[in-house]
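Step one of this worksheet: look at the structure below.
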Amino acid sequence: MDWLGPEEWQAVALSLRVSLWATVASLPLGILAAYALARWSFPGKQLLNGLVHLPLILPPVVTGYLLLLTFGTQGPVGGPLSELGIVFAFRWTGAALAAGVMAFPLMVRAIRLSIEAVDPRLEQASATLGASPPWVFVTVTLPLILPGVVAGAILAFAKAMGEFGATITFVSNIPGETRTIPSAIYAFLQVPGGEDAATRLVLVSVGVAMGALLLSEWIARRVAARVGGA
Amino acid sequence: MDWLGPEEWQAVALSLRVSLWATVASLPLGILAAYALARWSFPGKQLLNGLVHLPLILPPVVTGYLLLLTFGTQGPVGGPLSELGIVFAFRWTGAALAAGVMAFPLMVRAIRLSIEAVDPRLEQASATLGASPPWVFVTVTLPLILPGVVAGAILAFAKAMGEFGATITFVSNIPGETRTIPSAIYAFLQVPGGEDAATRLVLVSVGVAMGALLLSEWIARRVAARVGGA
Amino acid sequence: DRITVFAAASLTNAMAEIEAGFEATTGHEVAVSLAGSSALARQIQQGAPADIFISANPGWMDALESDGLLETGTRVDLLRNSLVLIAHGPEAAPVEIGAGLDLAGLLGERRLAMALVEAVPAGIYGKAALESLGLWESVAPRVAQADNVRAALALVATGEAPYGIVYATDAVAEEDVTVIGTFPAASHPPIVYPAADLANRDVAAEAAFLDYLRGPEARAAFERQGFIVVAD
Amino acid sequence: MTLEVRIRHSFGGFTLDAAFDAPAGVTVLFGRSGSGKTTIVNAVAGLLRPEGGRIAVDGRVLTDTEARVWLPPHRRRLGTIFQEGRLLPHLTVRQNLRYGAWFAPRDARREDMGRIVEMLGIGHLLDRRPGALSGGEKQRVAIGRALLSAPAAILADEPLAALDEARKAEILPYFERLRDEVAVPILYVSHAASEVARLATTVVALEAGRVVAQGPAAEVLGDPGVTPLGPREVGAVLETRVVAHHADGLTELSAGGVQLFLPRIARAEGARARVRIAAHEVLLSRGAPAGLSALNILPGTVREVRPGDGPGAIVALDTPAGRVLARVTRRSVAALSLAPGVPVHAVVKSVSVAPEDVGAR
Amino acid sequence: MTLEVRIRHSFGGFTLDAAFDAPAGVTVLFGRSGSGKTTIVNAVAGLLRPEGGRIAVDGRVLTDTEARVWLPPHRRRLGTIFQEGRLLPHLTVRQNLRYGAWFAPRDARREDMGRIVEMLGIGHLLDRRPGALSGGEKQRVAIGRALLSAPAAILADEPLAALDEARKAEILPYFERLRDEVAVPILYVSHAASEVARLATTVVALEAGRVVAQGPAAEVLGDPGVTPLGPREVGAVLETRVVAHHADGLTELSAGGVQLFLPRIARAEGARARVRIAAHEVLLSRGAPAGLSALNILPGTVREVRPGDGPGAIVALDTPAGRVLARVTRRSVAALSLAPGVPVHAVVKSVSVAPEDVGAR
Ligand SMILES: Nc1ncnc2c1ncn2[C@@H]1O[C@H](COP(=O)(O)OP(=O)(O)OP(=O)(O)O)[C@@H](O)[C@H]1O
Ligand SMILES: Nc1ncnc2c1ncn2[C@@H]1O[C@H](COP(=O)(O)OP(=O)(O)OP(=O)(O)O)[C@@H](O)[C@H]1O
Ligand SMILES: [Mg+2]
Ligand SMILES: [Mg+2]
């Protein structure tokens with residue numbers, strides 16, 4: 001299609017890649033954190049809880065700045081990692097990290113609520129049939145929380161598609177590397193006459209996210225129908 | 001305390017007010033939307049679903065701009081409302097509106113997940129005892145989803161405490177009226193050497209939100225204990 | 001060679017033209033990262049792989065210079081801008097900007113849109129101008145501060161605020177606002193966009209790009225956007 | 001007051017097509033697991049919209065698929081006791097019990113909470129939540145909750161299955177009282193013969209979604225050809241009158257002039273009582289037996305001999321007390337030359353009339 | 001193999017303090033609603049950590065609060081059938097049935113799925129999910145699931161309460177086979193006398209959290225002083241041998257030389273069979289009765305007469321077949337002058353030995 005320029009298509013493709021990776025890579029951690037918060041009690045649980053929510057509370061610029069300080073090539077985490085060849089700073093991986101961090105609280109909350117709604121008596125029944133706790137999780141808990149996991153993933157994906165403040169602050173706005181749709185929109189909005197291009201990008205972004213949303217609803221309905229009967 | 005100046009205290013107080021109102025005022029609507037999405041089927045349901053998620057997908061600046069176009073005194077909604085004396089533009093109420101809109105998807109998702117986890121057979125039992133649908137909702141559904149409502153409210157509150165992009169775009173930054181903590185932090189971060197002042201505000205913001213978080217956890221635990229037994 | 005340019009977001013349009021022209025004439029590749037000057041400067045402090053920095057205000061360039069992050073002798077003042085008073089609507093009457101302007105009277109109960117007056121360059125310059133004209137005291141309570149000058153413009157364009165102070169460059173393309181006066185250059189510190197080569201890397205393309213910025217093609221591009229190019 | 005039920009509904013492989021009337025009193029619906037009992041209860045309660053059919057209470061139409069009438073559950077006022085309890089987990093037992101009363105019409109006849117709590121033995125549970133109750137305790141609270149909701153009719157889906165015999169024996173009389181004192185129809189799902197015999201005014205037998213027998217309890221239960229619960233559960237019902245309570249704990253009844261002795265029943269002298277005599281507990285004797293520990297001997301004549309599939313046969317006798325059924329082996333039929341018209345004595349141990357099988361009438 | 005159970009636990013107002021041994025075979029745990037049966041099952045299954053006590057299977061310690069041993073449920077391998085089914089809602093019936101097998105040790109003795117499916121009558125349900133099953137169907141699947149998990153012992157919490165009589169009668173033999181063929185202890189919670197009598201090797205009676213009687217089934221059930229399920233449920237158990245199956249559908253048994261006739265039982269000639277004769281179904285006669293439809297007459301001598309609280313008495317007889325209990329009225333005791341040493345005949349209708357009361361041995 002020619003109503004988007006090549007740079008804009010690049011931003012769309014990049015946003016998709018960043019959001020997908022942010023979602024997929026944070027999902028296992030999100031499930032783990034949600035499970036820990038819902039079911040375990042351990043010292044520092046409330047600390048973990050707070051930490052998970054932090055990106056929601058902080059203005060995105062602050063989160064981005066903290067990421068820059070921590071995961072930048074000079075940072076206490078980014079430094080050692082860059083020695084190992086893992087670089088986030090000013091790479092699309094960094095954009096994915098920022099988007100993942102910003103979306104994490106949403107993902108964890110959704111999954112946690114689902115876990116809390118699982119009847120523990122079903123998990124007990126599974127244990128009496130010989131399933132060890134990891135197997136109980138995989139064969140009972142996980143299938144039962146699937147709607148919550150899907151909801152959490154879609155929230156995270158949508159959030160990642162829209163994430164801007166932390167991303168631009170952390171990894172800047174480099175075309176083809178870190179210029180996601182929201183960053184491109186931002187740049188267009190900073191100059192006279194950029195509104196049309198911005199609007200086009202907004203439409204693409206909304207279209208993609210809505211598609212993902214519909215897909216997730218469909219998945220959730222399928223899962224619910226399976227559990228409900230027939 | 002004298003480590004925060006009077007203007008900063010003003011920002012803290014304002015942020016609290018804005019976030020509380022954003023949360024409290026959107027709660028009924030959030031519950032309604034969540035219920036409609038979880039339980040009803042009606043034409044345009046997926047449209048509503050998309051609309052609810054929109055603030056998550058759009059860059060906050062865009063959301064703020066759309067709010068300005070819609071709820072500004074010249075806007076199609078804001079205009080008539082301002083005739084009635086309800087003004088959002090440049091008022092703290094507008095900041096609350098922006099924060100509420102931005103937090104809405106998070107609130108709705110959390111509540112919706114809880115509603116989907118309620119066993120409809122309990123609601124049926126209540127109906128056979130003579131409770132009409134509104135009463136079923138008030139006496140059965142609502143108490144059972146309380147943990148989800150609390151989770152949704154706390155997510156919304158935390159988001160509102162951190163909301164910046166849409167707020168400043170919609171109602172700008174007027175000390176004492178719309179200058180919330182995130183706006184103040186943003187301003188400090190724009191100038192070289194503003195990090196210290198920003199850090200102090202970040203700490204206040206985090207403190208407040210963590211307090212709210214702990215409170216919500218405590219409430220959720222109490223509710224869970226009541227439903228679980230004893 | 002491929003170079004990365006960190007440029008203030010207000011240069012978006014001009015940089016697009018310059019990037020294309022520079023790549024066509026020299027064969028070097030350029031990537032331009034557009035964001036707020038403060039974000040870009042902080043990233044440079046944290047080791048961003050930027051080769052050229054064009055800031056929307058001297059303050060952040062000073063900060064980088066004192067951190068020793070600039071290639072000595074490469075800093076130049078590239079562009080200038082002017083501040084204008086704008087009003088909502090296509091046909092507002094011009095006013096005389098000076099100590100006698102009753103700006104507070106014009107505003108009444110309504111708001112004057114500006115960028116953040118303590119933090120964002122356009123706001124800082126605007127506040128300075130109003131102070132030097134003796135108008136600040138009277139309008140300060142009516143100022144609505146946006147997070148950047150474009151947002152301030154939007155407030156006036158939508159009619160939410162009747163008047164605003166923005167850069168001349170921002171006002172040109174907006175149909176719903178009228179420039180009703182330009183602030184005298186003497187009323188505020190000079191509005192300068194400095195540019196510099198950063199010290200992290202040394203490739204030929206950097207110098208070539210700085211030269212190109214001051215060349216005729218770039219000048220034309222900047223002027224098309226309403227900037228005043230600083231003569232050497 | 002009558003509950004008219006006509007339902008057609010199908011789920012995948014299962015098709016329900018049942019029609020019956022439940023007059024005032026208890027209509028016991030029985031049938032094997034999976035025969036469609038709960039489906040019927042759900043349709044009557046308004047929790048399932050049947051594909052076709054009509055349900056009405058005393059002319060008030062609850063569901064009529066042709067006339068497109070469908071009353072929502074909360075406007076049906078049917079006190080429903082579910083197979084799985086369904087207590088509201090966030091309310092205490094007391095609040096669960098009071099729940100229905102909140103929504104009852106002002107002028108509804110109300111049960112006394114204290115009395116029902118005592119009858120169900122749940123006084124010590126009132127402040128607990130359902131999570132802390134045993135299986136049987138939950139079901140008792142569910143029964144109380146339905147009774148206390150001032151219902152226009154009661155639907156009970158195997159309400160006593162989770163209870164022990166002693167508790168069942170305590171609660172059954174209450175359903176009896178309900179049947180006798182209140183004119184509301186009670187639709188009662190059960191597969192326990194003693195409950196059927198004791199409570200049923202009307203009996204509806206269901207098999208794979210179809211009604212295979214229905215009618216007044218005495219008629220259906222006294223017909224040797226109808227063995228809806230299996231031949232072991234056949235038994236006739238006699239109408240008796242209480243004559244006297246004796247000092248040794250026995251109650252003397254008179255059934256058409258024949259004396260019967262039962263362990264004491266809680267009914268005033270002169271009152272009527274319905275006694276079920278299970279066919280498999282009746283012994284037949286050609287001569288008048290003597291020196292037996294059985295106190296009840298009813299002289300009669302064989303009316304019909306109906307051999308079953310197995311080694312048994314059901315013998316219907318006409319006695320002055322009414323129709324009596326006896327289940328004996330075919331070998332005994334031969335040995336005693338039992339045939340229509342043969343005079344014979346039915347021997348019933350007093351104690352073999354189970355306490356649950358004595359109902360007030 | 002023995003399951004040793006010693007548990008102390010309390011919830012608010014309720015205290016459980018029970019100790020018993022469940023040897024190989026079926027140990028039936030019974031008691032009224034709320035007496036603590038489910039609490040014991042949960043503690044044995046590892047779903048409840050009792051405050052104190054020790055639980056071991058064949059020396060393998062599952063729980064020992066003093067030694068701080070506590071094995072998690074999945075390492076106990078106890079096939080547990082819950083009072084409320086607890087099927088996994090997201091799996092089909094087939095997957096639920098196979099679930100336990102996934103985790104069973106490679107070398108575990110496996111039941112044949114096809115056979116169990118047929119026995120439970122759930123073949124047509126295999127592709128459904130639990131949401132689309134009736135109450136009884138769910139419970140049948142739950143039974144199958146536990147049996148198919150190759151368990152080291154079985155815990156069954158009222159597994160048959162939701163089933164109709166016919167289905168119960170079909171499933172009971174399987175528990176019997178399990179008891180007889182497999183050396184695993186089965187802890188079986190029930191309040192149905194017929195199940196207790198038929199299955200129990202050992203009986204443990206619970207009252208308000210305390211064990212009030214325990215011992216081998218024949219001993220506890222044959223003792224006229226122990227009436228844990230109420231006097232109506234007393235009954236002695238006779239050890240018999242199958243003599244012949246007759247053409248008219250009766251099976252001839254011999255108990256200590258005395259001939260007994262029962263409706264056909266599915267046991268080879270020569271096999272041993274345990275027959276329970278409910279005390280309330282036994283008639284006593286001073287003389288040798290003649291012309292009666294009852295086929296089974298056991299001559300004997302009164303050993304003990306135990307008057308009850310009500311109008312009844314339990315008479316224990318010594319007969320060549322073994323101890324027989326009869327429940328008669330005190331009026332009959334007087335009329336027949338029953339006292340220790342008096343010769344008497346016990347009359348039992350063949351059909352009054354309920355099919356459920358015949359167990360393999
Ligand atoms: N979580 C709990 N908190 C408090 N009391 C409890 C809890 N669970 C059970 N109880 C009480 O403990 C007692 C024993 O309960 P349990 O479930 O073991 O009874 P049960 O013998 O299985 O009864 P039923 O035959 O009705 O299933 C009951 O009085 C019950 O109210
Ligand atoms: N949602 C459903 N989808 C498909 N089949 C269903 C559904 N609900 C019930 N059935 C089937 O309909 C039949 C009747 O079920 P119902 O629950 O009415 O039986 P029931 O007579 O109450 O049995 P029980 O005594 O076991 O409770 C059963 O065969 C069951 O499998
Ligand atoms: Mg049912
Ligand atoms: Mg129990």
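Naming: A, B, ... by sequence-line order, numbering from 1 per chain. Fair warning: this is a prediction, and the values are worked out from it, not measured in the lab. Worth knowing before you read on, the calculation uses all heavy atoms, side chains too, and leaves out hydrogens, waters and symmetry mates.
The contact between E:L87 and chain A is made entirely by backbone atoms, counting heavy-atom distances below 4.5 Å.
Judged as a side chain to side chain donor-acceptor pair (under 3.5 Å), not a single pair has a partner in residues 18-31 of chain A (not counting sequence neighbours).
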Under 3.5 Å, which donor-acceptor pairs link side chains of residues 138-146 of chain A to any protein atom two or more places apart or in another chain?
residue : atom : partner : partner atom : Å
A:T139  : OG1  : A:W135  : O            : 2.7
A:T139  : OG1  : E:Y99   : OH           : 2.3
A:T141  : OG1  : A:E123  : OE2          : 2.7

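Residue E:L78 holds its CG atom at 8.5 Å from OG1 of A:T128, rounded to the nearest 0.5 Å. A:S126 contributes atom OG, which lies 11.5 Å from atom CZ of E:R86 (distance to the nearest 0.5 angstrom). Remark: E:F82 CZ to A:R121 CZ distance equals 9.5 Å, nearest 0.5 Å.
Residues passing the side-chain hydrogen bond (donor to acceptor under 3.5 Å, both in side chains) test with A:S216: none are found, sequence neighbours excluded.
Of the residues considered (E:R75, E:R145, E:Q95), E:R145 shows the highest number of contacts with chain A, using heavy-atom pairs under 4.5 Å. With chain E as the partner, the residue from A:A131, A:A125, A:S132 showing the most heavy-atom pairs under 4.5 Å is A:A131.
Residues of residues 45-74 of chain E that come closer than 4.5 Å to chain A, counting heavy atoms only, are E:A45, E:L47, E:P73, E:H74, ordered by residue number.
Contact detail for A:G130 and E:F103: the closest heavy-atom pair is O-CB, 3.4 Å.
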